[in-house]
Amino acid sequence: MSAPLTILGLESSCDDTAAAVVHGTTLDANVLSNIVIGQTEDHAAFGGVVPEIAARAHAEKIDFAVKQALKSSQKTLSDIDAIAVTAGPGLIGGVLSAVMCAKGLCASTGIPLIGINHLAGHALTPQLTDKVAFPYLMLLVSGGHCQFLLVEGPDDYTRLGGTIDDAPGEAFDKTARILGLSQPGGPAVETDAKSGNPKSFALPRPLMNRDDCNMSFSGLKTAILRARDQVIDEHGGLPRQIRSDLCASFQAAVTDVLVGKSRRALAEARKLNPNVHTLAVAGGVAANGTVRKGLEAICAETDTDFSAPPLALCTDNAAMIAFAGLHRAQAGQFDDMSLSARPRWPLDQTSPTLLGSGKKGAKA
Ligand code: KG4
Ligand code: ZN
């Protein structure tokens with residue numbers, strides 16, 4: 001049995017500046033603090049994340065995030081056994097902020113440094129929140145990620161498929177923009193969809209019938225744009241009810257694709273490892289009630305456990321980075337000052353690169 005460790009985690013790969021302290025072992029860890037400083041307002045005027053603005057905001061706020069994380073965990077640097085930092089993939093200017101901060105802290109205190117793949121942070125979260133044992137299938141769905149991963153160990157990932165263009169959260173955000181709703185688009189579309197009829201518009205389900213685990217969401221956004229323009233031509237504007245119908249129809253299409261491809265990915269995962277008993281989700285889109293219900297339904301249908309971390313640990317955060325660091329620290333795997341920030345860093349080095357990059361930069 002490994003001795004409990006205290007890990008400080010740092011994350012700045014996209015548009016959240018985050019620091020957290022996690023204590024325990026990989027089998028039983030607690031999040032002592034989890035500080036996330038968002039940048040939504042900084043990017044609001046630009047309709048997406050602007051890398052230079054993100055990098056500057058990270059550089060300004062990362063020290064404060066670290067101080068807050070230590071303070072709210074009631075720890076000091078002398079209690080920290082290792083500092084784990086996202087070293088990629090992500091927007092390189094942002095990634096550099098936390099990497100430089102972590103290196104500075106490690107160089108001045110002698111605390112060991114650990115570089116973490118951001119996607120590994122997401123992929124290991126079900127262990128932190130629900131103690132899910134390896135192997136399991138992970139569906140990562142956010143504004144920047146969309147992939148199925150067979151997770152067989154802390155360093156053992158097989159990508160079964162992913163988006164070939166936009167990430168689903170990105171499609172929600174673009175749909176909201178097309179329909180004049182607020183950002184982030186996911187919650188706005190979900191709320192509007194509540195009074196809409198999901199069957200009112202026949203939107204495409206791209207790649208649904210293809211015998212693989214890849215997905216495509218960019219055509220869906222174009223279909224929404226065309227449908228909106230047609231409604232405006234016919235009605236001289238976009239009536240509220242029709243807007244809700246469009247939202248509900250869009251949400252139903254995304255859900256059908258994610259659910260259909262999850263069913264296929266579960267079958268693929270079980271072919272590779274029959275001991276897969278859990279489907280875990282992470283990322284902002286996992287907050288969507290309709291998506292969640294659809295995934296729960298196929299889990300019930302296929303005798304699979306369903307794990308969805310609480311939203312604060314589903315979206316970008318540093319607790320997941322600290323927990324991934326705990327795995328590395330327990331295994332005695334540390335980095336030195338040559339650790340570099342990487343814009344691209346696929347978890348599964350053997351899978352071919354997918355075309356999709358997502359609005360928040362290339363991920364894998
Ligand atoms: O994981 P996240 O906070 O950040 C990254 O993209 O890395 O995910 C944010 C994305 C946004 O695109 C947002 O619109 C989407 O998740 N999202 C949702 C919902 N809440 C957030 N999409 C659909 N339904 C929601 N309720
Ligand atoms: Zn992420």
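In this chain, numbering begins with 1 at the start of the sequence shown. Counting starts at 1 for both ligands and their atoms, in listed order. Heavy-atom basis, side chains included; hydrogens, waters and symmetry copies ignored.
- Of all the listed residues (Ala286, Gly289, Gly186, Ala287), Gly186 holds the heavy atom that lies closest to atom 22 (N) of ligand 1.
- At a threshold of 4.0 Å, the pair Arg56-Glu52 does not count as salt-bridged, since none of the basic side-chain nitrogens sits closer than that to a carboxylate oxygen.
- Not one N or O of Phe172 is nearer than 3.5 Å to an N or O of ligand 1, by distance alone.
- Interface of Asp316 with ligand 1, defined as ligand atoms under 4.0 Å from a residue heavy atom, comprises 7 (O).
- Residue-to-ligand polar distances keep Asp16 apart from ligand 1: every N/O pair is separated by 3.5 Å or more.
- Compare Val254, Asp173, Asn317 by their heavy atoms: the one nearest to atom 12 (O) of ligand 1 is in Asp173.
- Contact atoms of ligand 1 toward Gly144: 6 (O) (distance under 4.0 Å to a heavy atom of the residue).
- Residues Arg328 and Asp155 are not paired through a salt bridge, judged by the lack of any N-O separation under 4.0 Å between the basic side chain and the carboxylate.
- Enclosure of atom CD in Gln230 is not indicated, since only 12 or fewer non-hydrogen atoms of other residues, nucleotides or ligands lie within 6.0 angstrom.
- For atom 6 (O) of ligand 1, the choice among Cys14, Ser13, Gly143 with the nearest heavy atom turns out to be Gly143.
- Judged by distance alone, with hydrogens and angles left aside, the side-chain atoms of Asn288 form no donor-acceptor pair with the main-chain N or O of Glu190 at under 3.5 Å.
- Within 6.0 Å of the NZ atom in Lys131, the count of heavy atoms belonging to other residues, nucleotides or ligands exceeds 12.
- In His118, the N, O or S atom that comes nearest to the Zn ion (ligand 2) is NE2.
- When distances to the Zn ion (ligand 2) are checked against a cut-off of 2.8 Å, Cys14 contributes no N, O or S atom below that limit.
- Rounding to the nearest 0.5 Å places CG of Asp192 at 12.0 Å from OG1 of Thr175.
- Residue Glu190 holds the heavy atom nearest to atom 26 (N) of ligand 1 of all those in Arg292, Glu190, His145, Lys174.
- Take the N/O/S atoms of Asp316: the one nearest the Zn ion (ligand 2) is OD1.
- Residue-environment remark: CD (Glu301) exceeds the threshold of 12 foreign heavy atoms within 6.0 Å.
- Remark: among candidates Gly284, Ala193, Cys314, the nearest residue to atom 21 (C) of ligand 1 is Gly284, based on non-hydrogen atoms.
- Using a 4.0 Å cutoff on heavy atoms, Gly185 counts as a contact of ligand 1.
- Proximity of a side-chain donor or acceptor of Lys221 to a complementary backbone N or O of Ile178 within less than 3.5 Å is not detected.
- Between Asp212 and Lys261, at least one side-chain nitrogen of the basic residue sits less than 4.0 Å from a carboxylate oxygen of the acidic one, meeting the salt-bridge criterion.
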